[in-house]
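As structure tokens, the structure follows; a few thoughts come after it.
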Amino acid sequence: MTTEPAAMAVQFRFFEAHVVRTLRLGPSMVRVTFGGEQLKDFAGGGRDQSFSLFLPHPGQSAPVLPTEAGEGWFHEWRALPPEVRAVMRSYTVRAQDRERAEVDVDFALHGTQAPAASAAAGPAARWAAAAGPGDRVVLLGPAVEGNRSVGFRPPPDADWLLIAGDETALPAIGGIMDWLPAGVRARVWIEVPHAEDIQDLPSAAEAEITWLVRDSARRPVSGPLLEAVRAAELPGGTPYAWIAGESGAVKALRRHLVRERGFDRKSVEFSGYWRLGASEEDLRAEALSGRASEDS
Ligand SMILES: Cc1cc2nc3c(=O)[nH]c(=O)nc-3n(C[C@H](O)[C@H](O)[C@H](O)COP(=O)(O)OP(=O)(O)OC[C@H]3O[C@@H](n4cnc5c(N)ncnc54)[C@H](O)[C@@H]3O)c2cc1C
């Protein structure tokens with residue numbers, strides 16, 4: 001999600017919250033329900049609404065971060081020692097219950113269970129695997145529904161939708177399925193580590209969902225999404241595509257759609273949700289150094 005300070009102060013704010021309950025969804029995913037008074041004002045826009053989640057380090061009782069999400073919070077947060085400042089990671093709102101002031105977030109548990117060698121763990125996956133009622137977090141989330149952290153915006157003239165992603169995009173795809181109205185045609189591909197990770201994704205839309213179970217003998221990222229979409233016979237008419245997941249897989253699929261299928265590049269919304277071998281800190285540092293060299 002964006003961290004541009006000026007616009008962010010209007011669209012986003014900090015919400016203190018705590019874990020209400022957890023629910024294991026399958027071998028690779030856990031649903032964590034966050035609650036707390038402040039979440040009454042959490043203005044989720046649905047679909048793939050994302051936000052920044054701040055987590056405590058092991059041994060801390062609450063995440064450490066600046067008190068205001070106003071101009072300057074990011075620099076203040078970065079100025080704190082890395083071992084003290086809260087761990088910041090991007091996640092998606094899977095569902096929101098406004099009356100109960102609850103927000104559900106589904107976490108992929110990469111590297112936290114056997115065989116651990118098949119994927120690297122990270123602080124957020126580790127935190128989620130051990131989360132329990134009362135654990136404190138902070139969300140930097142939407143203060144208004146019309147915010148920039150909703151990426152799924154099909155134009156009214158799209159004839160059909162192509163949606164594809166891995167397990168990190170599964171919560172967003174679930175949110176999109178919930179949001180799509182009747183009469184919309186969607187072809188959906190979802191890649192998950194295990195057959196038991198397959199979920200029921202109800203939708204009013206005419207959605208044809210293809211589940212792809214990753215071959216566990218292969219490295220955690222492979223090309224099942226690309227292979228499946230490449231082999232598919234796609235509908236005619238004007239498409240809108242939404243793709244998210246591992247950065248390399250997303251790029252390859254986008255290239256296929258634009259170069260080989262002739263999709264208008266402006267009609268392909270794509271997002272690398274994570275990158276093999278890089279933590280979210282690494283990706284943020286890379287983005288910041290790119291911005292610094294653009295400025296110089
Ligand atoms: C807009 C947005 C929305 C997102 N929504 C969700 C969501 O709802 N649910 C969700 O689970 N994830 C989501 N993600 C992805 C999540 O932010 C990353 O997976 C993140 O790296 C997890 O943090 P970590 O601390 O567990 O791992 P990090 O410390 O960031 O990374 C540690 C290591 O783990 C590897 N890694 C990271 N993720 C995975 C993975 N899934 N499988 C295998 N290896 C991995 C990295 O390459 C690195 O080597 C979203 C990302 C974005 C940008």
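The analysis underlying the following values was restricted to heavy atoms, covering all of them including side chains, and did not include hydrogens, waters or symmetry mates. Start at 1 and go down the list; that is how both ligands and their atoms are numbered.
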Report the part of [X] in contact with ligand 1, treating N, CA, C, O as backbone and CB onward as side chain, heavy atoms under 4.0 Å; options are side chain, backbone, both, neither.
X: L276; result: backbone
X: R89; result: side chain
X: A278; result: backbone
X: D106; result: backbone
X: S50; result: side chain

R13 charged N/C atom sitting above F15 aromatic ring, 6.0 Å / 45°: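 Yes, R13 sits over the ring of F15.
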
Should A172 be listed as contacting ligand 1, given a heavy-atom distance under 4.0 Å as the test?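 No, A172 has no heavy atoms under 4.0 Å from ligand 1.
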
Run down the list [options] and name the one with the heavy atom closest to [atom].
atom: atom 13 (C) of ligand 1; options: D282, T168, L53; value: T168
atom: atom 17 (O) of ligand 1; options: S90, G165, G175; value: S90
atom: atom 1 (C) of ligand 1; options: Y273, F107, W127, F51; value: Y273
atom: atom 47 (O) of ligand 1; options: H110, R275, E246; value: R275

If the plane angle is over 60° it's perpendicular, under 30° parallel, otherwise tilted; pick one for H110 and W274.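 If you compare the ring of H110 with that of W274, the planes turn out parallel.
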
When the ring planes of W77 and F54 are compared, do they come out parallel, tilted or perpendicular, using 30° and 60° as the limits?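 W77 vs F54 ring planes: perpendicular.
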
Closer than 4.0 Å to some heavy atom of [X] - which atoms of ligand 1 meet that?
X: A124; result: 23 (O), 24 (P), 25 (O), 26 (O)
X: G122; result: 24 (P), 25 (O), 26 (O), 27 (O), 29 (O), 32 (C)
X: A125; result: 26 (O)
X: A108; result: 10 (C), 11 (O)
X: A121; result: 32 (C), 33 (C), 34 (O)

Close side-chain approach of R31 and V105, heavy atoms under 4.5 Å: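 They are not in side-chain contact.
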
With the side chain counted from C-beta on, respond yes when R78 and M88 share a heavy-atom pair under 4.5 Å apart, and no when they do not.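 With C-beta onward as the side chain, the pair stays apart.
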
Can Q49 and S149 be said to form a side chain to side chain donor-acceptor pair (under 3.5 Å), step by step? CA-CA 6 Å; Q49 173 75 64; S149 293; 4.7 Å; no

Hey, is E281 close enough to R275 for a salt bridge, meaning N to O under 4.0 Å?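 Looking at E281 and R275, the cut-off is not met.
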
Output yes when E102 and K40 qualify as a salt bridge under the 4.0 Å nitrogen-oxygen rule, no when they do not.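 Result for this pair is no, no salt bridge flagged.
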
Could an N or O of ligand 1 be found under 3.5 Å from any N or O of [X], whether backbone or side chain?
X: P123; value: yes
X: T92; value: yes
X: P171; value: no
X: S271; value: no
X: G272; value: no

Taking all heavy atoms of S279 and all of R89, pick out the closest pair and write down the distance.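 Minimum heavy-atom separation between S279 and R89: CB-NH2, 4.4 Å.
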
Pair F12 and F51, ring centroids less than 6.0 Å apart: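 That pair fails the under 6.0 Å test.
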
W73 ring center near F14 ring center (under 6.0 Å):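 Yes, they do, as the ring centres are separated by less than 6.0 Å.
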
Single hit among V20, V19, V32, L55 for side-chain contact (heavy atoms from CB on, under 4.5 Å) with D135: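 One option only clears the test, and that one is V19.
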
